[in-house]
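The structure under discussion appears below in the form of structure tokens.
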Amino acid sequence: MAEEKYNLKKEIETVRETCLRPSNHWGRSTRIWIGCLLIVISWGLYCYIHQLRYGLGVTALRNYVSWGLYISIFVFFIGISHSGTLVSAILRITKQEWRRPITRSAELLTFVSLLFGGIMPIIDLGRPDRIANLVIFGRIQSPLMWDIISIFTYLAGSTLFLYLPMIPDMALCRDRLTVCDSRFKKFRKWLYTKMSLGWKGTKEQWRLLDKSMSIMTIIIIPIAVSVHTVVSYIFAMTLRPGWNSTVFGPYFVAGALYSGSAGVVLGMAVFRKFYHLEKYITPRHFDLMGRLVLTLTIIYAYMNLNEYAIPAYMMAAGEGHLLKELFYGDFSKVFWTLQVGTVLLPIIIMAFPKGRSPLILFITCIFIVAGACVKRYIIVVPTLLHPLLPIQHVPESWSSYFPNYVELSVTAACLAGIFLVITLFAKLFPMMSVWEVEEGLVIQQDKQAVMDLRNVRELEEEKTGGREVSSGTVSIKPAVVQINKTPG
Amino acid sequence: MLEQEEENCRRSFLKTGLITGAVAIAAGVIGCNSDTKPPGSLTGKKVPLLDSAGNLIYVDEAQIPVHTNFKGITDEESRKGIPGKKFVMVIDLAKCDGCGKCTEACNKMHFLPKEKEWIQVLEMQDAPKEAPYFFPKPCFHCDDPPCTKVCPVDATFKREDGIVAIDIDRCIGCRFCMAACPYSVRVFNWTEPVKPDIIEETPSMERAFQSKKGCVEKCDFCSHMARVDELPACVTGCPMNAIYYGDENENAVTNQAGETENLSQMLEDRAAYRFMEELGTKPRVYYLPPNNRLYPKPDMNNAEENKTNSNG
Ligand code: SF4
Ligand code: SF4
């Protein structure tokens, strides 16, 4: 027993080391990576200033397609932001043990994509200088206002949700910092001390943390669902064929969960590789996440069926025109590639255990995330290109749309911004929730103990050879329950 | 109740009519362009104006009454609209020959470049065997406007006189209203618009020049003309007399030729309809069906080329 305890301690020590190590290490590749991101961001910033100066006319947007890439990306980012809630909150509520090493990255993904998702509509504004009007003259009747409110709520909520479980880790960083020698030591010391809020790990503090976490876990789920629902209302509450659809709320939520969970897989895989977390994020985690993504993809496929098959059966005038365009017109190639390549095929692939192995799942999820992004575009643009009244007597460029370099650069800058924030975060803070993983180890240990006990029993059984001894197993059961209970 | 209201309105209409008649032309805001600026004169400045027929005339500044620019109108008043009025438009598709003069007149009045059209003349055909027709499309000033519903800052709103106006000093350029308008009426100022050589001191919703970078604009039923009891530019610009404009409370509409018709009678006799009634937007623009046309029908093969969608 003493030996086992020693092992556990060692394990915990390894966890801490693995998690804290990247903070001390600013390798060449990291610096090059950050440099590249900064270049992309500066170029995007330049393009945005250009856009501010000369107006949105420098983009490819025109009177018919008045919303384009920016709004599509907005919807996409908000969708990705559902990852954190899903993986973290839902898995927490259902007490899934395997969530422990991946919650932090999922929550981070939520926070960052929400941050940049919220910026996209501001970039899209014609008069960002008048943004204060939203407060001064704000009309609560506008779905856009609901969006702003719910996104802010969600941002605040997910910040808390990310931050709360970080507190014990911050204390750990604070205490460890003196030992290790790292860059920006003073700054770090200050940051960790501030962020740990004087965490000492007292019983009372743990009780508070547990309590606030369980409250947040429950609150964040309806908020997340509401966010994507009202994002869909921006479209669904207009009188336009293709948008004017009652399934848009759940359809968007399903799409968000589908792309968000795939996003988590990507995050998992990347962190696992770069921070050498193979020991903690195992193929089993990928398998389980794969099942989750599979389920959500099936739900999303089902929503797609509803969204397209019903109007396609009726083929009402305006709607029919748009659908024909999607099914065998200009957008058909993209449309079918998306439906087959990013919905149907992933379902088939992930249905097989081999398809859920880390590498294949990673590749599948890249397709899913990319597909979800293009899908947003396919929701926004074709509808605008097919208004109820014909597009006539307008310059050629108005009746088609493809984002130009300004939009692409600004979007790329936002994406780079996301990567930059994640990178800096990973450099400053542990990418796994250290204390949660530790607790997971303890639980595992206990499980191991149970297994050992069972092995012993089995051996005994074999020794006695008699079948009557099985009554002994029954007597052990209470012990099993007890052991399992202790850590919780 | 309603009758009394109508009665009141009629009376006040007559009153305002008398007062404003004198200053009708005095909308000094109209018709001035940098290239048409008159040479300076010794006796004082000549101000270019549009007369009711849309011709440019020059009037000495001294002759212009003081009511220029409706300086007296406050922001609030222009948000409320012209008291006692309920503006309405009737477009007779049987008379429209698609010449596009209404668009020209409108663009001239509001200083719009060629590609910006507040009133568009579309070529339409609802079904292959049905009659093709020209379809002038201004803003319908819907009574249940989907565009004002979605505006997050109340920059576009419904006035009591039926006009859907835009406050270009408040609009944040989110373009939600453009997405919401099912008739693709609204246009956006993607770049800095070319400013005319005028300074209007009217509240922004009643200016002739309504373009501002990053803001939305659209047909405003010529609210600045309505203030002075004048007809909108498209009405006076239509050589076919196809567009009628008037006050629903007065139950009368007038066209370019000055023919004033009884509104309800006309709507009934000609079986008027509102475009896409099924959308529930309740437009304030009525269309008279294109029966017994006296002009050649639009060439739909030609229209087919520059159209990507029809509602048929
Ligand atoms: S036609 Fe369009 S812009 Fe005009 S009031 Fe109706 S919805 Fe608004
Ligand atoms: S573009 Fe302007 S008028 Fe239109 S909804 Fe936005 S703020 Fe309102």
By side chain to side chain donor-acceptor pair (under 3.5 Å), B:T156 pairs with (sequence neighbours left out) B:R186
Whatever's closer than 4.5 Å to a heavy atom in chain A on B:K213 counts as both
Whatever's closer than 4.5 Å to a heavy atom in chain A on B:T148 counts as backbone
Those residues of residues 240-255 of chain A that come under 4.5 Å of chain B on a heavy-atom basis, listed by number, are A:R240, A:W243
Here the gap from B:K116 atom NZ to A:N63 atom CG, rounded to the nearest 0.5 Å, amounts to 8.5 Å
When the 4.5 angstrom heavy-atom criterion is applied to A:L61 and chain B, the contacting part is both
Applying a strict 4.5 Å limit to non-hydrogen atoms, the region of A:F235 in contact with chain B is neither
Are A:L56 and B:N189 packed together at the side-chain level, in the sense that at least one heavy-atom pair is separated by less than 4.5 angstrom?
no
ask   = Would you say A:L389 and B:L122 make side-chain contact, with heavy atoms under 4.5 Å?
value = yes
Those residues at least two apart in sequence (or on a different chain) that pass side-chain contact (heavy atoms from CB on, under 4.5 Å) with A:I49 are none
Hits for side-chain contact (heavy atoms from CB on, under 4.5 Å) against A:I148, two or more places apart or cross-chain, chain-then-number order -> A:L134, A:M145, A:F152
* Just by distance, with hydrogens left out, do B:E123 and A:H393 show a side-chain donor and acceptor under 3.5 Å apart? -> yes
